[in-house]
There are 2 protein chains.
Amino acid sequence: MAKTKRSFQRVTIKDVAEYAKVGVGTVSRVLNNSPHVDQHTRQRVLEAIKVLGYFPNPHARRLSTGSSQLITVITPEMKGDFYQILMSAIDEVLFKYGYSSLLYPLYNEKKYEALKRSSDILLSTDGLIVDAVNVDKVLSNIIKPQTPVVCIEQDSDDYDSIMVDNYYGGVIAGDYFADFDMDIFVVTHRKTHELESTVFDERLEGFQESLEKKGRSIDKVYYVPLDWESTFEVARRIFYRFKRCAIFTTTDYLAVPIIEVARTMGLKVGEDVRVCGFDDLPIAQILEITTVRQPIAEMGRLAAETLVKRISGKLKEKPKKYILKPELVIRST
Amino acid sequence: MAKTKRSFQRVTIKDVAEYAKVGVGTVSRVLNNSPHVDQHTRQRVLEAIKVLGYFPNPHARRLSTGSSQLITVITPEMKGDFYQILMSAIDEVLFKYGYSSLLYPLYNEKKYEALKRSSDILLSTDGLIVDAVNVDKVLSNIIKPQTPVVCIEQDSDDYDSIMVDNYYGGVIAGDYFADFDMDIFVVTHRKTHELESTVFDERLEGFQESLEKKGRSIDKVYYVPLDWESTFEVARRIFYRFKRCAIFTTTDYLAVPIIEVARTMGLKVGEDVRVCGFDDLPIAQILEITTVRQPIAEMGRLAAETLVKRISGKLKEKPKKYILKPELVIRST
DNA sequence: CTGAAAGCGCTTACAG
DNA sequence: CTGAAAGCGCTTACAG
């Protein structure tokens, strides 16, 4: 097309070179902080950049280098402390290696559709970290097979995956509860979408089997949506009948309203009522909730480190599964 | 460099062209669904794409077209229903015009640093929507002056801005409360970071002035962090002394624990205790909370529409301020 | 409908 | 230390 001009002419590296009376290569070197540039030349170029208001075109740079120094993080949600901790840990590592992260949360069905429609959203960054989404189902056919991907909280045949042993986490909570001479309840969330992760079920399963091994059993499992309002209702229902019981919630998030209701109903939490959560979110630390600690930050860091190694080609073996151990943290509930 | 080869040779449009025995232009036309391609040729190209496992290089495409069909949304947080509603509305409009969104939440100081360090995160998408962050402070010197930007919940000298009249929202809540013969309290959040928005203060100010105009006044303002735990404490403190009062919270989020505590303490919410929130979040609808409705989705849609117009060049006037009116929604609290 | 070719704006090996 | 030039992988006006 040659003669076509953009309606608004941008200032390019060529303009800077002309103004500074140097070659484009030199401008590029200044831009990339190459040490092989004379101090005076560098000053002239910097001056030209300022005067002309030049900003480099990232697309051109990326086409040339083949890299964007960006990675995309896909999550099923965008709410909650869990993601904040995870993302902070990921960013910390990424930053160290000169990368930044962009978030693509699949908070509704449409986001997923958008992803399928224009998969190059994902091809435009150097790699992906995918949390708690069924990658093998979502990503096949969308991205190139060689795209570097690391999954968190999700098993995968094709990529590295970082998981916590949720079953074992349930087991240690069960072992702990088995000694309590009380009715035992579980409040958990039921998977509603095919792409949702199965972590809650695994925790419940471990808890249940541990209990059975010790001759105990769950008196009732309550399924709730992941919000506090519904959990308030369930808590009221439980405490209306049982003034003495032990409750295992498959995430700390659900433990909060339960403790709140118990307290306002005058029940002694930590004595009459025992509560054990899962995750060790900041809120569990603040409210002194007994919980099964999941090393969230460690998972994030490990995912980021692994991804960076894959991108740089330092890691060439076939996908590996990293399974981290959760641990019981006994606090005041 | 000419002779340099990437370590792993990617399959390009040229390979596809050779395999299908057509020119690269034709492959490109097939890729872009041009109608001017013979059915049989198209089939051959599609076949070649499949056989070779070809995926287009988005960087090359963007360099060529000058557009990425992507926009970045910057938010101060990544938690809460507010953002979900806002993002869904933004995405809905963006999708219509063939755009997708990527999130860049400034959830900690480091994210802001990362942004400053490599500003081309922002230059690599076609435009920005910035929510509740002081754009003029954050973005100057980071992006090109001509980059299309729309701000939400934040005033700006340089860009279009979409705001709700928070002061007026406070006023209508004040007008409503002025008639109640009870002590009046406010629970709100204090801005702690220079980049945080001032919406809570504006709401409080409108509320206060409206009350004073009617010869009433606020008995006490409680400042809390934006979490439920602290608000539980405050609520207990209030209801311990006052069994009858009216409480205005500058966001629905803070109204929830207050209502919960009142109820579990046996107070009649809607009679002895009056509560009015702000925002009209989903939770306010579920719990039937009286509130000042903020048209969140409308703000998102308007922001997206405006941004798309700016990008396409259809909007050429100087930056405009859109101020939407909130409205009082009286429900059962 | 199709191909050859210029151009998008950078980077970088090469030859001074 | 520096410049000229090839190349990154696309798109698209032009001339069949």
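Lettering of chains follows the sequences in order, A, B, ..., and the numbering in each one begins at 1.
In a base pair of the Watson-Crick type (N1 to N3 plus N6-O4 or O6-N4) or a G-U wobble (N1-O2 and O6-N3), with each distance short of 3.5 Å, C:dG16 is matched with D:dC1.
When each of C:dC10, D:dC10, C:dC8 is scored by its nearest atom to the side-chain atoms of A:P56, the top-ranked nucleotide is C:dC10. Closest contact between the side chain of A:I13 and the listed nucleotides D:dG9, C:dC10, D:dC1 involves C:dC10. Side chain of A:H36, nearest nucleotide from D:dC10, C:dC1, D:dT2: D:dT2. For B:V24, taking side-chain heavy atoms from C-beta onward, the closest of the listed nucleotides C:dG9, C:dT11, C:dA5 is C:dA5.
A:K321 NZ: more than 12 foreign heavy atoms inside a 6.0 Å radius. For B:Y322, the OH atom is densely surrounded, since the number of other residues' heavy atoms within 6.0 Å is greater than 12. A:K144 NZ: more than 12 foreign heavy atoms inside a 6.0 Å radius.
Among the protein residues, A:P58 comes within range of no part of the nucleic acid, since none of its heavy atoms lies under 4.0 Å from any strand.
Per the geometry, NZ belonging to B:K14 stands 13 Å off P belonging to C:dA5, to the nearest Å. Going from atom CG of B:N57 over to atom P of C:dC8 covers 18 Å, rounded to whole Å. A:D15 places its CG atom 9 Å from the P atom of C:dG9, with the value rounded to the nearest Å. Across the protein-nucleic acid pair, A:R61 atom CZ and C:dC10 atom P stand 10 Å apart, rounded to whole Å. Look at CG on B:L123: it is 11 Å from P on C:dC10, rounded to the nearest Å. The nearest whole Å value for the distance from the CZ atom in A:R42 to the P atom in D:dT2 is 9 Å. One can place CD of B:Q39 at 10 Å from P of C:dT2, the figure rounded to the nearest angstrom. Nucleotide C:dC10 holds its P atom 11 Å from the NE2 atom of A:H59, rounded to whole Å.
Proximity of A:S28 to the phosphate of C:dT11: a side-chain N or O atom is located under 4.0 Å from OP1 or OP2. Applying the 4.0 Å criterion to OP1 and OP2 of C:dG3, one finds that B:T26 has a side-chain N or O inside that range. For the OP1/OP2 pair of C:dT11 and a distance below 4.0 Å, the side-chain nitrogens and oxygens of A:N32 include at least one atom meeting the criterion. Listed pair B:S64 / D:dT11 fails the phosphate criterion, with no side-chain N or O lying under 4.0 Å from OP1 or OP2. For the OP1/OP2 pair of C:dC1 and a distance below 4.0 Å, the side-chain nitrogens and oxygens of B:T41 include no atom meeting the criterion.
Evaluated for a side-chain contact (heavy atoms from CB on, under 4.5 Å) with B:L302, the options B:L307, B:I162, B:V150 yield exactly one hit, B:I162.
Taking the ring axis of A:Y83 as reference, the NZ or CZ atom of A:K79 does not stay both within 45° of it and closer than 6.0 Å to the ring centre.
For A:R29 against D:dG3, a side-chain N or O and a base N or O form a donor-acceptor pair under 3.5 Å.
Ion pair B:K96/B:E305 flagged as a salt bridge, since at least one NZ, NE, NH1 or NH2 atom sits closer than 4.0 Å to an Asp/Glu carboxylate oxygen.
Spacing of C1' atoms, C:dG16 relative to C:dT12, comes out at 16 Å, to the nearest Å.
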